[in-house]
Number of protein chains: 2
Amino acid sequence: MTVDTKTRILDAAERLFAERGFGSTSLRNITTAAGVNLAAIHYHFHSKDVLLENVITRRSDVVNQRRLEMLERFRQEAAGAPVPLERLLQAFLAPSFDWVRESGEAGLRFAKLMGRLHAEGGISQKLMISKFGPVVEVFHTALQESLPGLPAQELWWRVHFSIGAMAHTLRWSQQMVELIPGHAPTPPDTELALGRLISFLSGGFRVPASAATGVNS
Amino acid sequence: MTVDTKTRILDAAERLFAERGFGSTSLRNITTAAGVNLAAIHYHFHSKDVLLENVITRRSDVVNQRRLEMLERFRQEAAGAPVPLERLLQAFLAPSFDWVRESGEAGLRFAKLMGRLHAEGGISQKLMISKFGPVVEVFHTALQESLPGLPAQELWWRVHFSIGAMAHTLRWSQQMVELIPGHAPTPPDTELALGRLISFLSGGFRVPASAATGVNS
DNA sequence: GTCTATAACTTGATAGAC
DNA sequence: GTCTATCAAGTTATAGAC
């Protein structure tokens, strides 16, 4: 039950960044919430930017590795043939949703943070691109094999539409009640959300390449 | 060419909120960029929160009204029959993309701001729900008529997936270069993005209602 | 309506004792 | 590793002259 100062800081920072955003959270907010001294944050992380990077990396490394492992498993199942679209979507999306489900409160917090950081700029933006960009490229390549008719450019657009839908869903997973009028207050059901997202996106990816696409694709 | 102080403040605030986010932008940043005095901002808007509300309302009122007008026009074209899905998506999405295209720099700035505020919390969150919620409800109802097989709950999920994709696209419309490896640096083409988003989403909405949906839909 | 001046407080960061 | 003390800079907000 006793956790060290460094972890306490990471936990508190993750929660506060998720709730108020990076720019609106002060180091003093974090130290107060974590019950540690202000100087400790500088001792362990040197600066606010480095702290954010540590907050992200602690989770993104796990999620990204699971993504690649899942992709690899589906590749072996496919035995040389292209991996089916739904499998690719599952390999990319499930690790984040799963982690959110398994981790309870902490998972929901990180989901919110990821969704938020996807939309922020400055240092958050650079970190998101560097932490998730390479894995997204791997999946783009795999998608090209599974959807051979689609120009690479158009596929990139669809990948980004999907990332937007995912980020938004993670961001609001706790608060669908506020968004859906008349929605009975149910606990967040990430498994339901994941299934629906996968089937929705699969429909989008399967739409034939647009005809009037000449110039820019 | 001469604009009054109030407009100068709104313009500068819109730009800075878009670039750095609400929490990371100080009133002094705004007054410096606008070339006005710090006190002017308090005189005209009373507080930072009210300023944000004015920044949003100035644009959202226009976009939302165009959405409803376009929907009404398509309703009349349909002559009592349900409005076709692509038309509904167009009526919802085109006004924002059009406004962005027509307004050049200012349009791109506001696009970025909207995309960003969709993901933020606190006061931004409340404002987004209050400014866009009612219009989204109107479109949800129209979508139900056009997609009669879909349970209302599942349709809500899909609406939110779409809003996520839209927000993310607007947010990054200026910077696809950074996101798409090997993408030749082209000027942002919002018309192309709109067309591709509509066809992608239409595929998603047309997927039959999920089978394993019993409990929660 | 716009300015200066300033109050009252918070910010990220560091130096140095223990 | 953790503390107190403190810094210089920046923060929202207001009072009052013009």
Side-chain angles (χ1 to χ4, degrees), chain A residues 1-58 113 116-117 120-128 130, chain B residues 1-58 113 116-117 120-127:
Chain A
M1 208 59 232
T2 318
V3 282
D4 63 351
T5 302
K6 202 169 171 179
T7 307
R8 297 244 301 283
I9 293 171
L10 284 173
D11 288 342
E14 182 176 279
R15 199 187 83 235
L16 290 169
F17 288 160
E19 280 167 9
R20 331 176 171 183
F22 179 69
S24 310
T25 303
S26 72
L27 295 184
R28 287 180 148 86
N29 291 334
I30 296 169
T31 55
T32 303
V36 304
N37 189 274
L38 175 61
I41 222 167
H42 292 284
Y43 174 79
H44 286 286
F45 300 100
H46 180 66
S47 78
K48 197 184 172 186
D49 285 1
V50 176
L51 171 60
L52 175 63
E53 180 168 4
N54 277 267
V55 167
I56 296 178
T57 307
R58 179 168 66 143
L113 177 60
R116 182 193 281 282
L117 291 179
E120 279 197 13
I123 179 72
S124 318
Q125 180 172 319
K126 288 185 191 68
L127 283 173
M128 292 305 277
S130 77
Chain B
M1 207 59 231
T2 319
V3 280
D4 64 350
T5 301
K6 200 167 171 181
T7 308
R8 299 246 297 285
I9 293 171
L10 283 173
D11 288 342
E14 184 176 278
R15 198 185 84 236
L16 291 170
F17 288 160
E19 281 167 9
R20 332 178 171 183
F22 179 69
S24 310
T25 303
S26 72
L27 294 185
R28 285 179 144 84
N29 292 335
I30 296 169
T31 55
T32 303
V36 303
N37 189 277
L38 175 62
I41 221 167
H42 291 285
Y43 175 78
H44 286 287
F45 300 101
H46 180 65
S47 79
K48 198 183 173 187
D49 285 1
V50 175
L51 171 60
L52 175 64
E53 180 167 4
N54 276 267
V55 167
I56 296 178
T57 308
R58 178 167 68 142
L113 178 59
R116 182 193 282 283
L117 291 180
E120 282 198 10
I123 178 75
S124 318
Q125 178 172 319
K126 286 186 193 69
L127 282 172

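Since this is a predicted model, take the numbers as computed values, not measurements. In what follows, chains are A, B, ... by sequence order, proteins preceding strands, each numbered from 1.
- Residue B/Tyr43 places at least one side-chain N or O closer than 4.0 Å to OP1 or OP2 of C/dG1.
- Annotation: the span from A/Thr5 atom OG1 to A/Leu10 atom CG amounts to 11.0 Å, rounded to 0.5 Å.
- Under 3.5 Å, the side chains of A/Thr7 and A/Asp4 contain a donor-acceptor pair of N or O atoms.
- Nearest approach of A/Leu16 to A/Asn29, heavy atoms of both residues: CD1-O, 3.5 Å.
- A side-chain donor-acceptor contact under 3.5 Å links B/Thr25 to the backbone of B/Gly21.
- For the segment residues 44-51 of chain A, residues with any heavy atom less than 4.0 angstrom from an atom of DNA chain D are, sorted by number, A/His44.
- Among residue pairs with one or both ends in residues 6-44 of chain B, those qualifying as ring pair (Phe, Tyr, Trp, His ring centres under 6.0 Å) are B/Phe17-B/Phe22; sequence neighbours excluded.
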Could you go over nucleotides 5-10 of chain D and give all protein N or O partners under 3.5 Å, atom names and distances?
none

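- Near DNA chain C, meaning a heavy atom under 4.0 Å from it, residues 5-17 of chain B has B/Thr5 in order of number.
- B/Thr31 comes within 4.0 angstrom of no nucleic acid atom, judged by non-hydrogen atoms across all strands.
- Here the side chain of A/His42 is nearest to one of C/dT2, D/dT2, C/dT14, namely C/dT14.
- Where B/Asp4 and A/Ser24 meet DNA chain C, the nucleotide closest to each residue was compared, and B/Asp4 sits on the side nearer the 5' end.
- In summary, A/Lys126 and A/Asp49 do not engage in a salt bridge, as defined by a charged side-chain N under 4.0 Å from a carboxylate O.
- Interatomic distance, B/Thr57 OG1 to B/Leu127 CG, rounded to the nearest 0.5 Å: 7.0 Å.
- For A/Arg15, the salt bridge (Lys or Arg N to Asp or Glu O under 4.0 Å) criterion is met by A/Glu19, not counting sequence neighbours.
- The minimum heavy-atom distance linking A/Arg58 with A/Glu14 is given by the pair NH2-OE1, 3.5 Å.
- For B/Ser47, the side chain to side chain donor-acceptor pair (under 3.5 Å) criterion is met by no residue, not counting sequence neighbours.
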